[in-house]
Amino acid sequence: MEEDDIYTNDGTVDYKGNPANKKKTGTWRTCPFIIGNEVCERLAYYGMSTNLVLYFKHQLNQHSSVAATNNQNWGGTCYITPIIGAFLADSYLGRYWTIACFSIVYIIGMTLLALSASVRGIRPRCYAEDNCNPTEVQSAMTFLALYLIALGTGGIKPCVSSYGADQFDDTDEKEKKHKSSFFNWFYLSINIGALIAGSVLVWVQDNVSWGWGLGIPAIAMAIAVCFFFSGTRLYRNQVAGGSPVTRLFQVLVASIRKYKVAVPANKSILHETADKESNIKGSRKIDHTNDLSFFDKAAVEIETDQLKGSVNPWRLCTVTQVEELKAIIRLLPVWASGIIFSTICSQMGSLFVLQGERMDTHVGHSNFKIPAASLSIFDTLSVTFWVPIYDRIIVPVTRKFTGHKNGLTQLQRMGIGLFISIFAMVVAAILEHERLKMIKRHNYYELKEMPMTIFWQVPQYFLIGCAEVFTCIGQLEFFYEQAPDAMRSFCSALSLTTVALGSYLSSLLVTIVSNATAKNGKPGWIPDNLNYGHIDYFFWILAALGVFNLGVYVWFANWYTYKKAVGTLR
């Protein structure tokens with residue numbers, strides 16, 4: 001090794017110290033390992049989670065509303081735990097070791113879940129296909145495994161996409177232009193795993209056994225870990241920058257302490273390090289911005305700041321540190337807009353499945369039946385269809401009109417996705433309205449499957465897939481690019497929490513609607529037998545929330561100020 005090589009927090013060498021190493025690491029050469037890991041990990045996750053609401057209902061003997069609530073609560077937790085993983089990655093471990101450590105927890109959870117569905121004495125005892133009687137211990141075993149998986153995925157979700165983007169140098173124009181394409185293909189890899197899970201593994205769960213249906217995802221997760229470690233020598237690793245939470249609170253405390261201090265008109269005299277680089281490991285300096293000026297008080301130097309010779313960061317902060325806090329505050333309105341979007345998308349794993357279960361699941365005139373949860377493959381196929389079209393057609397065409405290097409700005413891209421998601425709920429509501437009309441007309445109330453093909457659900461899945469290509473990929477790129485360099489895992493986790501809060505909001509809405517409508521002997525909008533219900537009304541509520549959400553988003557998007565970084569990475 002050369003003397004000027006920099007040893008990063010995971011023991012590998014970062015090319016930044018020695019430019020000769022740059023040619024040997026990073027860029028697209030590392031992507032097969034990162035994307036291969038993501039395909040297998042997503043296959044494992046979706047192979048276990050896609051059909052989970054039916055596992056709760058039929059194997060754990062839960063009512064429809066309880067199964068939907070438990071499914072969404074667990075799914076929400078999977079997107080809250082990334083805050084833990086992100087904090088450890090940005091502060092202490094770095095992304096490499098965070099992914100490695102939490103993968104082990106993930107595998108333990110997947111293995112325990114597979115055992116809980118296959119080993120006699122642990123798995124629920126069933127007397128018929130839909131007649132199971134699990135003990136409290138058996139149910140507890142299932143939920144223990146699920147929440148270990150939720151913890152494990154918390155270290156992977158916020159780090160993998162950011163780790164992949166780290167392989168492209170922001171200071172190299174040739175590499176930087178490939179970063180946007182990486183996010184597109186990374187999201188496609190997620191959906192390839194989901195496609196296999198939603199077709200093959202759901203069929204195995206419904207037609208072979210839950211033991212095999214949950215055992216295969218455990219094997220897939222083990223393969224994912226092998227993929228990741230195989231690329232170790234090629235990865236570029238950024239140094240952990242210390243606790244981002246501490247730095248944010250330091251700015252808050254310093255600003256409040258100096259609330260009476262006036263901010264100078266000449267912002268160049270605000271406190272900043274004299275060095276070319278910032279004093280935060282792994283972070284470039286950030287240019288000063290004029291909005292949210294109250295926090296600039298933290299960077300105003302006064303006589304008492306230097307009394308003891310050294311700077312107390314709880315009294316005086318650098319401009320870069322202040323801009324970190326401003327960047328997070330600016331992200332919050334955009335972040336909040338993702339909550340209702342995620343509430344809409346979460347219906348694919350709950351009410352869409354329960355709706356499809358009451359429709360004709362036969363493929364054509366054959367005896368082959370497609371599991372209701374497998375319709376999610378059309379969401380995946382939609383993503384698979386739209387990603388290359390967006391990357392190869394929409395971007396070059398729109399670039400000619402907008403002059404923007406990516407065709408659309410990240411905010412424009414996300415807004416289009418929010419708009420499309422509204423139509424997904426409208427289509428779902430219209431389908432359910434027509435389904436209920438047919439039931440009433442022919443008295444199909446007690447039929448397990450009414451004679452309306454499940455493939456009428458395809459448009460609503462396809463529209464959500466299209467919305468994801470615009471909004472979800474836009475979010476991945478936006479929260480990475482607009483995050484301070486030393487807080488990228490944290491901001492990726494922040495974007496993921498919208499999925500959690502969306503699931504919790506959906507669960508809350510289901511509970512409120514069920515309690516409000518199931519009174520005086522009425523079945524309510526979401527009964528066990530949806531033929532007596534009115535989930536079309538629920539879908540209309542979500543569409544209305546989507547319209548409101550889009551309006552608020554557009555207002556805040558027009559207000560947003562983009563981050564400007566200067567200098568070079570450490």
* To do: Please report the shortest heavy-atom distance between Thr398 and Gly407, naming the atom on each side.
  => OG1-CA, 3.1 Å
* To do: Determine, stepwise, if the pair Phe56 / Phe143 fulfils ring pair (Phe, Tyr, Trp, His ring centres under 6.0 Å).
  => CA-CA 10 Å; Phe56 287 154; Phe143 282 98; 5.3 Å; yes
* Mutual orientation of the aromatic rings belonging to Phe539 and Phe352 [parallel < 30°, tilted 30-60°, perpendicular > 60°] -> perpendicular
* **Check: Arg330/Thr289 side-chain N/O donor and acceptor closer than 3.5 Å** => yes
* To do: Take Tyr55 and Gln205 through the test side chain to side chain donor-acceptor pair (under 3.5 Å) and record every step on the way to the result.
  => CA-CA 9 Å; Tyr55 185 80; Gln205 290 163 1; over 6 Å; no
* Asked: side chain to side chain donor-acceptor pair (under 3.5 Å): which pairs involve residues 341-351, sequence neighbours left out?
  -> Gln72-Ser350, Gln347-Ser506
* Do Leu146 and Thr142 have side-chain heavy atoms sitting under 4.5 Å apart? -> yes
* **Residue pair Gly164 / Phe182: nearest heavy atoms and the distance that separates them** => CA-CZ, 3.4 Å
* Structure fact -> Value for CD1 (Ile340) from CZ (Phe548), rounded to nearest 0.5 Å, stands at 7.0 Å
* Does the side chain of Phe538 reach to within under 4.5 Å of the side chain of Glu432, using non-hydrogen atoms? -> no
* Quick one: CG on Leu112 to CD1 on Ile149, what's the gap to the nearest 0.5 Å? -> 8.5 Å
* **Minimum heavy-atom distance between Ser103 and Ile156, given as atom pair plus value** => OG-CD1, 3.5 Å
* Asked: Of all residues at least two apart in sequence or in a different chain, which pass the side chain to side chain contact (heavy atoms under 4.5 Å, CB included) check with Ile454?
  -> Met359, Thr361, Ile370, Ala372, Leu375, Gln457
* Asked: Hey, what do you get for CH2 (Trp335) to CZ (Phe479), rounding to the nearest 0.5 Å?
  -> 9.0 Å
* Structure fact -> Heavy-atom closest pair (Gly47 atom, Ala197 atom, distance to 0.1 Å) is N-CB, 3.2 Å
* Pairing residues for Lys437 by the salt bridge (Lys or Arg N to Asp or Glu O under 4.0 Å) criterion, not counting sequence neighbours -> Glu434
* To do: Provide the full list of side chain to side chain donor-acceptor pair (under 3.5 Å) pairs with a residue in residues 507-516, sequence neighbours left out, each pair given once.
  => Asn73-Ser507
* Contacts of type side chain to side chain contact (heavy atoms under 4.5 Å, CB included), residue Cys472, not counting sequence neighbours -> Tyr187, Phe341, Glu468
Can you give the donor-acceptor pairs under 3.5 Å from side chains of residues 415-431 to other protein atoms, not counting sequence neighbours?
unit_1	atom_1	unit_2	atom_2	d
Ser421	OG	Leu418	O	2.7

* Side-chain H-bond candidate by donor/acceptor type, Ser492 with Ser162, under 3.5 Å -> yes
* Taking the side chain as C-beta and beyond, is there a heavy-atom pair between Leu201 and Tyr46 under 4.5 Å? -> no
* With sequence neighbours excluded, give me every salt bridge (charged side-chain N to carboxylate O under 4.0 Å, His left out) pair touching residues 449-462. => Lys369-Glu449
* Can you pull the salt bridge (charged side-chain N to carboxylate O under 4.0 Å, His left out) pairs that have at least one residue in residues 61-84, sequence neighbours excluded? -> none
* To do: Look up atom OG1 in Thr98 and atom CD1 in Ile84, then write down how far apart they are to the nearest 0.5 Å.
  => 12.0 Å
* Kindly indicate whether the side chain of Arg413, heavy atoms from C-beta on, has any atom under 4.5 Å from the side chain of Tyr390. => yes
* Provide the full list of ring-ring contact (aromatic ring centres under 6.0 Å, His included) pairs with a residue in residues 489-529, sequence neighbours left out, each pair given once. => Trp525-Tyr537
* Using modelled atom types only, decide if a donor and an acceptor are shared between the side chain of Asn443 and the backbone of Ile439 within a distance under 3.5 Å. => no
* **Side-chain donor or acceptor of Thr409 paired with backbone N/O of Gln412 under 3.5 Å** => yes
* Asked: Is it true that the side chains of Trp212 and Ser118 contain a donor and an acceptor less than 3.5 Å apart?
  -> no
* Asked: Can you tell me if Glu477 and Gln482 form a side-chain donor-acceptor pair at under 3.5 Å?
  -> no
* Kindly write out the residues that satisfy salt bridge (Lys or Arg N to Asp or Glu O under 4.0 Å) with Arg358, not counting sequence neighbours, or none if the list is empty. => none
* **Beyond-backbone contact of Met110 with Pro217, side-chain heavy atoms, under 4.5 angstrom** => yes
* Does any non-hydrogen side-chain atom of Tyr553 lie less than 4.5 Å from one of Met414? -> yes
* Asked: Can you tell me how far the CG atom of Leu113 sits from the CG atom of Leu52, to the nearest 0.5 Å?
  -> 8.0 Å
* Structure fact -> All heavy atoms of Gln410 vs all of Gly474, minimum pair found to be CB-O, 4.4 Å
* To do: May I ask you to decide if the ring planes of His442 and Tyr444 are parallel, tilted or perpendicular, using 30° and 60° as cut-offs?
  => parallel
* Carefully, step by step, assess Tyr480 and Phe183 under the rule ring pair (Phe, Tyr, Trp, His ring centres under 6.0 Å). => CA-CA 10 Å; Tyr480 181 87; Phe183 284 112; 5.8 Å; yes
* Residue pairs passing the salt bridge (charged side-chain N to carboxylate O under 4.0 Å, His left out) test where at least one lies in residues 531-546, sequence neighbours excluded -> none
* To do: Flag the pair Trp185 / Leu188 as yes when at least one side-chain heavy-atom distance between them is below 4.5 Å, and no otherwise.
  => yes
* Are side-chain heavy atoms of Ser503 and Trp74 found at a separation under 4.5 Å? -> no
* To do: Kindly confirm or rule out a cation-pi arrangement of Lys157 over Tyr45, judged by NZ or CZ under 6.0 Å from the six-membered ring centre and within 45° of its axis?
  => yes
* **Closest non-hydrogen atom pair, Leu542 against Leu509** => CD2-CD1, 3.9 Å
* Inter-residue atom distance Leu43.CG - Ile216.CD1, 0.5 Å rounding -> 9.0 Å
* By side chain to side chain contact (heavy atoms under 4.5 Å, CB included) - contacts of Leu508 (at least two apart) -> Ile512
